[in-house]
Amino acid sequence: MSNLELVIDAENLPPALRTLELPDALTPGALVPILDDEAFTLPLARMARQRREELFGRRIHLRGIIEISSRCPRRCLYCGIRAGAHQAHRYTMSDSEIMARARMLPSFGYRTVVLQGGEDPAFDTERLCRLVERITRETALVVTLSLGEMPPEAYHALHQAGADRFLLRFETSNPELFARFHPDSALERRLAALEALREAGFQVGTGFIMGLPGSTLEDLARDILFTVAQRPGMIGSGPYIPPEPGMLRNSFADRPGVFHRAMALLRILAPWAHIPATTAFDSIGGGGREALLLAGCNVFMANLTPEKYREQYALYPKKAATDTSRWHFLAVPSTLENLGLTVAGGAGHALVPPPQEVSNA
């Protein structure tokens, strides 16, 4: 099927959205006015919800995140735990601490554990493989890793050890922006790492940061189409939040609706993808993660990092505060129920996207 035709019956739907032939007819230039217009926010949310419910119903997959280390040699300027960040507090969790947290998950309805952290040399390939093997053997959890760029042989070893998924965002498809915010890397290198993950057999997740300083709506439109063209099993995207006071603001800081429209378009264009409602949305207004769960997202990632470390994993100011109260990992199932949603059963593996090409011209 070369086109995906969406015909949505909704009151007051803007004419441009009543029928969209996707993706062949779609270009960044076609997306920009949709991203730019507040009038599209509600219709897009309705469309995204419909697309989500066609494949996933109102079921939300739970993932438990353990932030295993705040040490990283990288100097990515958008990150609060980058090398040289003066406010950062450093820690490396022990294997026993990680295992203690992982063992908690199944009894609370979680089927996946996400090990996330900086590119900490303390977690070399051998140690990570042993850890993955222990988790899969002792808990039967599905293991997702989000640990940055590694050599291809490391990805192969980790997949052989039992890790099923890997999340590695390309961050921006604009090579100049990528170089500006990654002084020790390049976009080509990141894309090569994504290809190495696919070759290793992982279910690959990727995505981008919305509103990096200096970015435009056209950059955002290109990022959306570039993401869909990658045909990922999961899409992890969220707004840029300055990691330190005085740093440049998000390009769309005064327009949170832009982020919501971008997330809705990701669901509409990639209906097969698992898309989490990311923590950063609780910091920008517009209804936070609840709004995203009601408008297309089908994954919730709850933070299981021990409390003594949680505040030290400060990717941006006050991140830890968003992981408490109603979104505490124990309260997530009941919070979802209050939203009219349910916890999905099963492993929640990636779905196979349809065999169609997506233009990112």
[X] versus [Y]: any side-chain heavy-atom pair under 4.5 Å?
{"X": "Leu177", "Y": "Ser215", "answer": "yes"}
{"X": "Leu220", "Y": "Met210", "answer": "yes"}
{"X": "Thr139", "Y": "Val113", "answer": "no"}
{"X": "Phe208", "Y": "Leu266", "answer": "yes"}
{"X": "Leu31", "Y": "Leu265", "answer": "yes"}
{"X": "Thr342", "Y": "Leu336", "answer": "no"}
{"X": "Asn250", "Y": "Pro213", "answer": "no"}
{"X": "Leu225", "Y": "Leu269", "answer": "yes"}

Starting from the C-alpha separation in whole Å, work towards a yes-or-no answer on salt bridge (Lys or Arg N to Asp or Glu O under 4.0 Å) for Glu38 and Arg261. CA-CA 9 Å; Glu38 293 290 332; Arg261 292 190 290 279; 3.3 Å; yes
Would you check, one step at a time, whether the test side-chain hydrogen bond (donor to acceptor under 3.5 Å, both in side chains) holds for Gln230 with Arg198? CA-CA 11 Å; Gln230 297 291 306; Arg198 295 185 192 97; 2.4 Å; yes
List the atom of [X], the atom of [Y], and the distance in Å for their closest heavy-atom pair.
{"X": "Val228", "Y": "Pro232", "answer": "O-CD, 4.3 Å"}
{"X": "Arg52", "Y": "Ile60", "answer": "NH1-CD1, 3.9 Å"}
{"X": "Asp254", "Y": "Arg249", "answer": "OD1-NH2, 2.9 Å"}
{"X": "Arg267", "Y": "Asn298", "answer": "NH2-OD1, 3.0 Å"}
{"X": "Ala161", "Y": "Val132", "answer": "O-CG1, 3.7 Å"}
{"X": "Gly205", "Y": "Leu194", "answer": "O-CD2, 4.3 Å"}

Please report the interatomic distance [atom1]([X]) to [atom2]([Y]), rounded to the nearest 0.5 Å.
{"X": "Ser146", "Y": "Ile65", "atom1": "OG", "atom2": "CD1", "value": "8.0 Å"}
{"X": "Met99", "Y": "Met104", "atom1": "CE", "atom2": "CE", "value": "13.0 Å"}
{"X": "Ile34", "Y": "Leu44", "atom1": "CD1", "atom2": "CG", "value": "6.5 Å"}
{"X": "Gln312", "Y": "His89", "atom1": "CD", "atom2": "NE2", "value": "6.5 Å"}
{"X": "Thr335", "Y": "Arg289", "atom1": "OG1", "atom2": "CZ", "value": "10.0 Å"}
{"X": "Ser173", "Y": "Arg190", "atom1": "OG", "atom2": "CZ", "value": "13.5 Å"}

Tell me whether the NZ or CZ atom of Arg59 lies within the 45° cone about the ring axis of Phe56 and under 6.0 Å from its centre.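 Judged by the rule (NZ or CZ under 6.0 Å from the ring centre, within 45° of its axis), Arg59 is not positioned above Phe56.
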Side chains of [X] and [Y], donor plus acceptor under 3.5 Å:
{"X": "Thr216", "Y": "Asp219", "result": "yes"}
{"X": "Ser94", "Y": "Glu97", "result": "yes"}
{"X": "Thr305", "Y": "Asn303", "result": "yes"}
{"X": "Glu171", "Y": "His182", "result": "no"}

What about [X] and [Y], same hydrophobic cluster or not, with Ile/Leu/Val/Met/Phe/Trp/Tyr joined at side-chain heavy-atom distances under 4.5 Å?
{"X": "Met263", "Y": "Phe226", "value": "yes"}
{"X": "Met150", "Y": "Leu145", "value": "yes"}
{"X": "Leu62", "Y": "Ile275", "value": "yes"}
{"X": "Leu248", "Y": "Ile284", "value": "no"}

Only one of [options] passes side chain to side chain contact (heavy atoms under 4.5 Å, CB included) with [X]; say which it is.
{"X": "Val142", "options": "Thr112, Ile135, Thr136", "value": "Thr112"}
{"X": "Ile68", "options": "Ile98, Thr92, Asp95", "value": "Ile98"}
{"X": "Arg165", "options": "Val114, Thr144, Val204", "value": "Thr144"}

Please determine whether side-chain contact (heavy atoms from CB on, under 4.5 Å) holds for the pair Phe181 and Ile209, giving the CA-CA distance in whole Å, both sets of side-chain angles, and the decisive distance to 0.1 Å. CA-CA 11 Å; Phe181 284 88; Ile209 301 175; over 6 Å; no
Is the number of heavy atoms from other residues, nucleotides or ligands under 6.0 Å of Glu176 CD greater than 12?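 12 or below, so no.
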Looking at Glu337, I'd like to know if its CD atom is crowded, meaning that more than 12 non-hydrogen atoms belonging to other residues, nucleotides or ligands lie closer than 6.0 Å.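 It does not: Glu337 CD has 12 such atoms or fewer within range.
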Quick one: do Arg46 and Gln50 satisfy side-chain contact (heavy atoms from CB on, under 4.5 Å)? Show the steps, please. CA-CA 6 Å; Arg46 289 172 176 166; Gln50 177 175 319; over 6 Å; no
Donor-acceptor pair, side chain of [X] and main chain of [Y], under 3.5 angstrom:
{"X": "His159", "Y": "Gly201", "answer": "yes"}
{"X": "Thr227", "Y": "Gly207", "answer": "no"}
{"X": "Arg127", "Y": "Ala122", "answer": "yes"}
{"X": "Arg63", "Y": "Ala302", "answer": "no"}
{"X": "Thr172", "Y": "Phe178", "answer": "no"}
{"X": "His274", "Y": "Ile235", "answer": "no"}
{"X": "Ser70", "Y": "Tyr91", "answer": "yes"}
{"X": "Arg189", "Y": "Ala186", "answer": "no"}
{"X": "Arg49", "Y": "Leu294", "answer": "yes"}

Salt bridge [X]-[Y], side-chain N to carboxylate O under 4.0 Å:
{"X": "Arg74", "Y": "Glu149", "result": "yes"}
{"X": "Arg310", "Y": "Glu67", "result": "no"}
{"X": "Glu307", "Y": "Arg101", "result": "yes"}
{"X": "Arg134", "Y": "Glu138", "result": "yes"}

With side-chain contact (heavy atoms from CB on, under 4.5 Å) as the criterion, how do Leu293 and Phe300 come out once you've worked through the C-alpha distance, each side chain's angles and the decisive distance to 0.1 Å? CA-CA 8 Å; Leu293 289 167; Phe300 188 89; 4.0 Å; yes
Against His260, only a single residue in Phe281, Phe252, Phe40 fulfils ring pair (Phe, Tyr, Trp, His ring centres under 6.0 Å); can you say which?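 Filter result, single survivor: Phe281.
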Ring-ring centroid check Phe202 His156, cutoff 6.0 Å: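 Aromatic pair excluded; centres sit 6.0 Å or further apart.
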Output field: ring centroids Tyr240/Tyr78 closer than 6.0 Å: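 For Tyr240 and Tyr78, the ring centres are not under 6.0 Å apart.
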